[in-house]
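Shown next, in C-alpha cells, is the structure this report addresses.
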Amino acid sequence: MPMEKNFDAAEAEARLYAMWEAAGAFKAGANARPKPDGSPAEPFSIMLPPPNVTGTLHMGHAFNHTLMDILIRWHRMRGFDTLWQPGLDHAGIATQMVVERELALSQQPTRREMGRAAFVDKVWEWKAKSGGQIVEQDKRLGASMDWSRMAFTMSGAPGAPAGEEGNFHDAVIKVFVDLYNKGLIYRGKRLVNWDPHFETAISNLEVEQTEVNGHMWHFKYPLAGGESYEYVERDADGQVTLREVRDYIAIATTRPETMLGDGAVAVHPSDARYAPIVGKLCEIPVGPKHQRRLIPIITDEYPDPLFGSGAVKITGAHDFNDCDVAMRNGIPLFPLMDTKGAMRADAATDNMVPQKYRGLDRFDCRRAVVADITAEGLAVMIPNPAPMPEDDAGRVGFQPTIPYVEAKKIMQPFGDRSKVVIEPMLTDQWFVDTAKIVQPAIDAVRNGDTVILPEQHEKVYFHWLENIEPWCISRQLWWGHQIPVWYGPIKGGDTDTFEAFGLTVKVFCAADESQLIDQLKTYYGDEDFYFFADGESYRGFRDLGLSGELVFEPGEGVHIGRDPDVLDTWFSSGLWPIGTLGWPEQTPELKKYFPTSTLVTGFDIIFFWVARMMMMQLAVVGQVPFKTVYVHALVRDEKGKKMSKSLGNVLDPLDLIDEYGADAVRFTLTAMAAMGRDLKLSTQRIAGYRNFATKLWSASRFAEMNLVWEGYQPQAAPPAATQTVNRWIIGEAARVRAEVDAALEAYRFNDAASALYAFVWGKVCDWYVEFTKPLLADGASAGETRATIGWVLDQCMILLHPIMPFVTEELWGLTAPRAKLLIHADWPTYGADMIDSAADREMTWVIALIEEVRSARAQMHVPVGLKLPIVQVDLNASGRDAWTRNAALIQRLARIDSLTEGAAPKGSILIAVDGGTFALPLEGVIDIGAEKTRLSKTLEKLEKDMGGLRGRLNNPKFVAAAPEEVVEENRENLALGEAEAAKLKRALAQLAAA
RNA sequence: GGGCGCGUAGCUCAGCGGUAGAGCACUACGUUGACAUCGUAGUGGUCACAGGUUCGAUCCCUGUCGCGCCCACCA
C-alpha cells in the first residue's frame with residue numbers, strides 16, 4: 001500500500017503508543033543486551049519527579065518528561081537495562097484542598113462534619129476517580145515509562161483501598177521511626193509559619209515573600225507612672241538637632257494588632273537617646289486603661305538605631321526576630337491568635353486580648369487598634385507634608401499635624417498554595433534536625449558522587465544546605481502519612497518527654513500499633529495501660545491517672561493517644577528513589593537500579609525535593625540517590641513571562657499536540673533546551689518542526705517511489721557503496737551519529753536536535769536525495785544507491801527516534817519488515833572510519849560549484865527554464881576528476897547542458913571554485929552592469945577578508961605566538977583569496993572591455 | 001542586602017580565544033515526478049557600553065547601563 005502523502009499524527013500516535021504498550025516495550029529491562037564482553041547490561045534508571053495526584057500535564061511537565069524520555073529511549077536502544085519509574089505524589093495540601101472544594105460544590109458534609117476516617121476515604125475515592133489524569137496525558141506525549149511499576153507516595157497507607165497496596169507507607173514510617181530513634185527528629189514548641197487558611201504549619205520553603213503596599217505606624221508607649229525624660233537627638237557630627245522632654249517612647253510597627261502581645265521594648269545598647277529609660281517600664285497603649293500591661297524597656301543588639309525610632313516592640317509569639325530577642329532576654333511570649341488568624345477568644349488569653357478585639361480577624365483588629373490609639377492621641381504626630389494655605393477655620397499659615405503613618409513597601413509572607421498572609425505562630429511541631437544530616441549531602445556533591453548540571457546550580461545547592469534550618473515536617477492536615485507517635489504519661493527519668501499543661505508527657509514513637517504496644521509493655525508492664533486507636537479517636541491513655549481530658553489543638557499542646565498530624569508531603573517524596581524500588585525490602589530492583597542514574601528536574605524544586613532526597617537517602621541508606629542531576633530551565637510564554645493560569649498565558653501541551661503532533665512539540669522543546677536559559681515557546685517554532693517531520697516523511701515517500709523498499713534488507717552496517725555520492729552520505733551519517741551521542745552524553749539536547757535537523761534536512765534532503773536521482777536512473781549504480789538510500793533513511797529514523805518517536809516508528813514499520821520495533825532497534829556505534837575523506841572533499845567541491853552557478857544564475861536573472869553551457873577555463877587535476885565523475889548531477893542541479901574547454905567567452909560570468917575557474921557564457925543574456933556589480937561586490941568582500949589576513953600575517957608577533965596550524969591556515973586562505981581576486985579582476989577587466 | 005543568569009540579524013535563540021550561525025520573518029524567482037508543511041537565490045550584525053589581558057576578544061578579566069530570576073527576619 002503506497003504511503004499517504006502526509007503523516008497523520010492524530011491517528012498514528014495513539015495506535016503506535018498502544019502497540020508499544022502491548023509489546024511491553026517500556027518495561028524495565030526491555031531490550032537490555034549484555035555488553036560486548038558478555039557482562040550483564042548496564043543499568044540506567046530515571047525516577048519521574050512524581051506529579052501531584054491533582055495535576056494535569058502542563059508545559060513544564062512536557063519539557064521535563066520529553067528530556068527524560070529522550071535519555072530513556074536513547075539508553076534503551078543502546079541496550080542498557082533501562083528503568084523509567086513513574087508515579088504520583090499524594091500532595092497533602094493541594095489534594096485536601098481539591099477534595100474539600102468538591103465536597104462543598106456537591107453540598108456534601110464538610111471535612112470536619114464527616115470526620116477524619118470518612119474524609120480520607122473520600123480522598124481515596126477521588127483519587128481513584130479523577131486523580132492522575134496526567135498519566136493519560138503523558139501517553140499522548142509519548143513518554144515511555146514503565147507503567148506496570150506505577151508508584152504512589154501513599155501506597156500501603158492504612159485505609160488505602162484495594163489497588164493501592166505498596167510499600168511506601170511502610171518506608172515512610174520506618175524512616176520516621178529510625179530517624180527519631182537516632183535523635184534526628186524531634187518535637188518542639190517553636191515559632192512556625194502558619195497558614196491561617198489551611199490551618200496548618202508549613203515549611204519556610206512554602207512561603208513566598210512578596211512586596212506589597214503596607215503602612216508603618218508610629219505610636220507612643222507612655223512611660224509607667226507618668227515619668228518623663230529628656231530626649232536628645234544628634235546628627236552625625238554630634239550636634240544636637242532635637243531636645244525635648246518626653247513621657248513616652250516611640251515605636252514603629254507595620255503590625256499594630258500584635259501590640260497586644262508585646263513583651264518588651266528593645267533599644268540598641270549604644271543608643272544614647274534611650275539610655276535614661278532603659279530598665280524602666282512602659283505601657284502598651286491599647287485596650288481598656290485599667291487592663292493595660294506594662295512591659296520593660298530592654299537593650300539588645302537587634303534594633304537598628306537608624307531605623308524608625310530606634311526602638312522595637314518585642315512580640316515574641318508573632319515574629320521570628322522578636323522571638324530570638326525574647327528568648328535571649330527571658331521575655332515571655334503571648335500568643336494572640338487562633339488557628340484561623342483571628343484574635344483569640346478563649347480563656348487562656350483573657351488578659352492578653354481585650355474583650356472588644358476578641359474574635360476579630362487579624363486585619364480587622366489592626367484597623368480597630370489603629371483607630372483606638374489614634375483617637376486616644378497616642379499616635380506620633382508629624383506636620384502635614386502638604387500644609388494648607390488656609391485651614392477650615394480660616395487661619396492663614398496654619399500647618400496641621402497628622403498621625404505619622406508611612407506608606408511603605410513591605411515584604412509580606414504568603415502561603416504558596418493558599419495565597420493568604422502567613423502568620424508566625426507558636427505551636428508544637430515535629431522537626432527534622434537537618435543540621436545533623438546535611439553534611440553528607442554537601443560532601444557528595446563536592447566530591448562528585450553526585451554531579452549537578454549545569455554547574456552554576458551547585459552554588460545554589462551549597463548555599464541553601466550550608467544555611468539550612470530545621471525542617472518542620474508536621475502538618476495539621478488529614479491527607480497524608482499520619483505521624484507514628486503516641487503520647488502517654490511517663491514514669492520518671494525518661495528523657496523523651498515534654499511539658500504541656502503542667503503534665504510531663506512521654507512520646508512513644510512506633511512504626512505501627514503492635515510495635516507501640518510492645519513499647520508500652522516494656523514501659524508499663526502488662527497491666528498498666530489501655531490501648532485503643534480505631535482511627536477515629538485515640539483515648540487509650542485517659543485512665544492512666546491523668547486528671548482531666550486534654551484536647552489537642554494545633555499549636556496548643558498535647559493529647560493522649562496518637563498524634564493527629566500528618567507528615568509534610570516532601571518527607572515522603574524525599575524517599576522517592578528508594579521507596580519506588582521497594583525499600584525497606586531489599587528488592588532486586590533496588591539492588592540493580594539504585595543509586596539511579598540521572599534526575600531531570602527544574603531548578604524550582606532543588607530545595608524542596610532534590611536537596612531533601614540527597615539528605616534522606618544518605619541518612620537512610622548511606623548512598624546518594626542519583627549520580628547526575630540535570631537541572632533544566634523554565635518554559636515561559638513568547639514574551640518571557642512565566643506561564644500561569646492567573647495570567648492566562650498558559651499553552652496547553654495537549655492542544656499543541658492536537659494541532660502539531662507530539663513529535664513536533666517534543667522536537668521544539670528539545671531544540672530549545674539549551675542549558676541554563678529559560679525557553680520562550682512560540683507556536684511558529686513548533687510549526688517549523690512539524691514541517692521537519694513532514695520532510696522526513698516525504699523523503700521516505702521519495703524512496704518508496706524509487707523502489708528503495710522493494711525487497712529492502714535492513715542492515716546495521718552501511719552498504720558497501722562504490723559511488724562517491726553514497727560513500728559521502730554514509731560518512732555524513734557517521735558524523736551525525738557521533739555528534740548526537742556526544743551531545744546527549746553531555747546533556748546538550750539542543751545540540752543533538754540541531755545536528756539531526758541539519759543532517760536530515762540540510763544534507764539528506766537538500767543534497768543527497770537530489771544526487772541520487774541520476775544514479776537511480778542508471779542501471780549500474782541503481783542497486784547500491786537504493787540500498788544506501790534505505791540505509792541512510794534508517795539511520796535518520798533511528799537517530800531521531802528518541803526525540804520524535806512517533807513518526808519514526810511509523811516509518812520504520814511502513815518501509816520494511818523489521819526484526820524489532822524501532823523503539824528497540826539497536827543504536828548505531830559506527831564511527832569516523834566510515835568517513836571517506838576523498839568522497840567528502842569531492843562532494844564538498846561539487847556542492848560549492850553548484851551553489852556558485854545557481855547563485856550567479858539567480859543574480860543575473862537567468863530564466864529557470866533556460867539551460868546554459870559551461871566553459872571550463874582552467875581546472876586542476878582533482879577538479880577535472882570531480883567534474884568528470886559528477887558531471888551528470890552537476891549539470892542537472894546547476895541546469896547546465898554542456899561543457900567545453902577554453903578561454904572565457906566574451907560576456908560570460910566567471911565561476912571560481914577550489915582549484916579552477918569556470919565560465920558561464922551569457923552574452924546577450926546577462927546584464928553587464930549587474931554582473932559588474934556582482935563581481936565588484938564579491939571582490940570587495942574578498943579584499944576585506946584578505947586585509948584581515950594580511951594584517952595578521954604581517955604581524956611578526958602573530959606568526960611567532962599563534963599556533964602553527966592557525967598561521968598555516970591563514971596563509972592558505974590568503975593564497976586562495978589572492979588567486980580568486982586575480983580572476984575576479986580579470987573578469988571585471990573583460991567586462992569593461994566589452 | 002546577598003547570589004545567579006541574560007543583553008549576538010526585524011523576532012526567538014545557538015555559539016564562545018583564531019575571517020559571525022540557525023529557525024522564523026522579509027525580498028526575488030519557481031506548477032523541475034519526494035516534499036508548496038516545498039525549492040532556489042538573497043537582504044539583514046561596531047556580537048549592550050567603556051576599559052584591561054592577549055599576536056589576536058563576541059568569547060577571558062574589571063567596571064557601567066539595561067533586563068530577569070533566586071535567596072534574605074529590617075521592626
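Residue numbers begin at 1 in each chain, while the letters A, B, ... track the order of the sequences.
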Whole-Å [atom1] distance, [N] and [M]:
{"N": "B:C11", "M": "B:C26", "atom1": "C1'", "result": "11 Å"}
{"N": "B:C6", "M": "B:C35", "atom1": "P", "result": "45 Å"}
{"N": "B:G45", "M": "B:U54", "atom1": "C1'", "result": "25 Å"}
{"N": "B:G15", "M": "B:A9", "atom1": "P", "result": "15 Å"}

Tell me what [X] touches on the nucleic acid: a base, only sugar-phosphate, or nothing, going by heavy atoms under 4.0 Å.
{"X": "A:M946", "result": "nothing"}
{"X": "A:P963", "result": "base"}
{"X": "A:Q412", "result": "nothing"}
{"X": "A:G310", "result": "base"}
{"X": "A:F307", "result": "base"}
{"X": "A:F692", "result": "nothing"}
{"X": "A:K408", "result": "sugar-phosphate"}
{"X": "A:A961", "result": "base"}
{"X": "A:D322", "result": "nothing"}
{"X": "A:P303", "result": "base"}

| remark: Listing for RNA chain B: consecutive Watson-Crick or G-U pair runs of at least 3, distance cutoff 3.5 Å, ranges ordered by first number, gives B:1-7 with B:65-71, B:10-13 with B:21-24, B:26-30 with B:38-42, B:48-52 with B:60-64

| request: Run through A:L814, A:V807, A:L811, A:L696 and flag the one making a side-chain contact (heavy atoms from CB on, under 4.5 Å) with A:F7. | output: A:V807

| remark: Note: for A:L974 and A:K459 on RNA chain B, the residue whose nearest nucleotide lies more 5' is A:K459

| note | For nucleotides 20-33 of chain B, 5' to 3', base contacts (B), sugar-phosphate-only contacts (S) and non-contacts (-) with protein non-hydrogen atoms under 4.0 Å give ---SSS---S----

| remark: Among B:G5, B:C35, B:A75, the one nearest any side-chain atom of A:E770 is B:C35

| So which nucleotide from B:G39, B:C35, B:A41 ends up closest to the side chain of A:D766? | B:G39

| request: Sort out for me which residue in A:R366, A:H318, A:R362 forms a side-chain hydrogen bond (donor to acceptor under 3.5 Å, both in side chains) with A:E257. | output: A:R366

